[in-house]
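Values below: every heavy atom of this structure, side chains too, minus hydrogens, waters and symmetry copies. Everything numeric here is computed off the predicted structure, so don't read it as measured data.
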Amino acid sequence: MIILKDILYKVAIEVVKGSTEMSINKIEFDSRKIVENDVFVAIRGTVSNGHDFIEKAINLGAVAIVCDEIPSVVVTGITYIQVKDTNAALAFMSTNYYDNPSTKLKLVGITGTNGKTTIASLLYQLFKKAGYKVGLLSTVKIMVDDVEHKATHTTPDSLTINYYLNEMVEIGCEYCFMEVSSHGVHQKRTEGLEFAGGVFTNLSHDHLDYHETFAEYRDVKKSFFDHLPKSAFALTNIDDKNGLVMLQNTLAKKLTYALKSYAEYKAVILENQLGGLLLKINGNEVWVRLIGTFNAYNLLAIYGTAVELGIEPIEVLRLLSELESVSGRFQFIISTAKITAIVDYAHTPDALENVLKTIDDIRTKNEQLITVVGCGGDRDTTKRPIMANIATAMSDKVILTSDNPRSENPETIIAQMEAGVEPQNFKKSLSIVDRRQAIKTACQLANPNDIILIAGKGHETYQEIQGVRHDFDDMKIVKEYLEQLNK
């Protein structure tokens, strides 16, 4: 039996109307899921306001309402709890409801603009190979040891996080690796969680549709480290100019990693080929199957995290050599016509530039590089011309196309991208609204030994147009067209 007052521990309560001694069924913030004896938490979201659904929740059987403003008309027999912040309240209540699962395993959060999914997913893979039961909370999927669940957000809501952490604890998981987005931190989804460590990857232009300024975006990331306990570690990329900012106020053990600077965890790239990387990490050489400088940083963060969590350095190097690339992150195929197609999630200017630099490092320059790229709708519009500029400056041919247009007109998005193309690069670019046709055209333009980069969607297996998700997998589609060319 769960008593309401017991799950209110650490919640900043301002007013209580009614009794908190009642037993409750479960917590919900979606009024449609309410059943008899539930607690409804009214969240003010970006699309809808949970306070508008309080009456509906009561009619469906809610016995307690958590809100930041008590309705003018209250229902007899219903407990109303006014709190300072319903997002934070939901987080603490979720943690209490599931009996603080984050304290029963070692939870590591990875934050930054790029690299979160790769680092979290490869840490999961590495610790599984080391023989542990492990959890993963990522953009791509949620793993409860060997059981896979679909992911809907980079950082799920706090109720979902604690539900899956509890599932992990119940089957004996010792570790969980979790992507921590700026949205998740800002919306208090990580409140109440106890982290054993935090990792900072890098910071570049992204989410300025949500965060009004770059400084706000940076400071939200920093607040994750500010809240780490003294028992945790904070591992930061010191080659990024914002790396040290993350450590300024943390109580956690401060650690750094770098390719260019002095750091506790230091790597040098000895070889960079399409087949992989030869790295020297803290004086020891290791061959890995991942490609590019950005992956050298990711692998160094993974190495540092694994060592801090107690795995012997030599054993970590052995495990690094066995890791396989994450779906949609520099995933490539070579057709029988010797055309290389690379699919990557690069959807920010920095990520796109990193991928193009990586390709430039491993190509001979005797081949064409054809880039297919779009920008998502209902998201930061300021990065659109920048991404088109980078693509056309660093490729031989560029096809500007749709990504997930969502509710926007894709032609408008592409026009905003076209505005960033420098006059000397006009002849390199063409615009094709239909993404499938854009990929087909890239395949038709390619000759043997050429490279096609399809950027922006990576692991996604859908395209969202006017609120409808259509099946769409960049890798499947490019394979299909390359096979047609071979016939």
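In this structure E367 satisfies the salt bridge (charged side-chain N to carboxylate O under 4.0 Å, His left out) test together with R363, sequence neighbours excluded. Qualifying side-chain hydrogen bond (donor to acceptor under 3.5 Å, both in side chains) partners for R318, counting only residues two or more places apart in sequence or in other chains: E315, E322. With sequence neighbours excluded, the residues forming a side-chain hydrogen bond (donor to acceptor under 3.5 Å, both in side chains) with D85 are K188, listed by chain and number. The side-chain hydrogen bond (donor to acceptor under 3.5 Å, both in side chains) search around D226 returns K222, not counting sequence neighbours. Listed by chain and residue number, nothing satisfies the side-chain hydrogen bond (donor to acceptor under 3.5 Å, both in side chains) test with E148 (two or more places apart in sequence, or in another chain). Under the side-chain contact (heavy atoms from CB on, under 4.5 Å) criterion, K128 pairs with Y124, V134, D145, D146, not counting sequence neighbours.
For residues 432-468, every residue pair satisfying the ring pair (Phe, Tyr, Trp, His ring centres under 6.0 Å) rule, not counting sequence neighbours, is listed here: Y345-H459. Residue pairs satisfying the salt bridge (Lys or Arg N to Asp or Glu O under 4.0 Å) criterion with at least one member in residues 243-255, sequence neighbours excluded, are listed as follows: K253-E308. Listed by first and then second residue, the salt bridge (Lys or Arg N to Asp or Glu O under 4.0 Å) pairs that reach into residues 286-298 are R289-E324, sequence neighbours excluded. The salt bridge (Lys or Arg N to Asp or Glu O under 4.0 Å) analysis of residues 260-270, with sequence neighbours excluded, yields no pairs. For residues 430-457, the pairs satisfying salt bridge (Lys or Arg N to Asp or Glu O under 4.0 Å) are R435-D474, R436-E480, K457-E460, with sequence neighbours left out.
To the nearest 0.5 Å, atoms OG (S321) and CG (L278) are separated by 11.5 Å. A distance of 11.0 Å separates CD1 of I386 from CD of E353, quoted to the nearest 0.5 Å. Here F200 contributes atom CZ and I119 contributes atom CD1; the two are 10.5 Å apart, rounded to the nearest 0.5 Å.
A donor-acceptor pair under 3.5 Å is absent between the side-chain atoms of T236 and the main chain of I238, judged by distance alone.
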May I have the list of side-chain donor-acceptor pairs in residues 414-428 shorter than 3.5 Å, sequence neighbours left out?
{"unit_1": "Q416", "atom_1": "OE1", "unit_2": "R384", "atom_2": "NH1", "d": "2.5"}
{"unit_1": "E418", "atom_1": "OE2", "unit_2": "S431", "atom_2": "OG", "d": "2.5"}
{"unit_1": "E422", "atom_1": "OE2", "unit_2": "N389", "atom_2": "ND2", "d": "3.4"}
{"unit_1": "K428", "atom_1": "NZ", "unit_2": "T392", "atom_2": "O", "d": "2.8"}
{"unit_1": "K428", "atom_1": "NZ", "unit_2": "S395", "atom_2": "O", "d": "3.0"}

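The one candidate from N298, T201, N354, D350 that meets the side-chain hydrogen bond (donor to acceptor under 3.5 Å, both in side chains) condition with N114 is D350.
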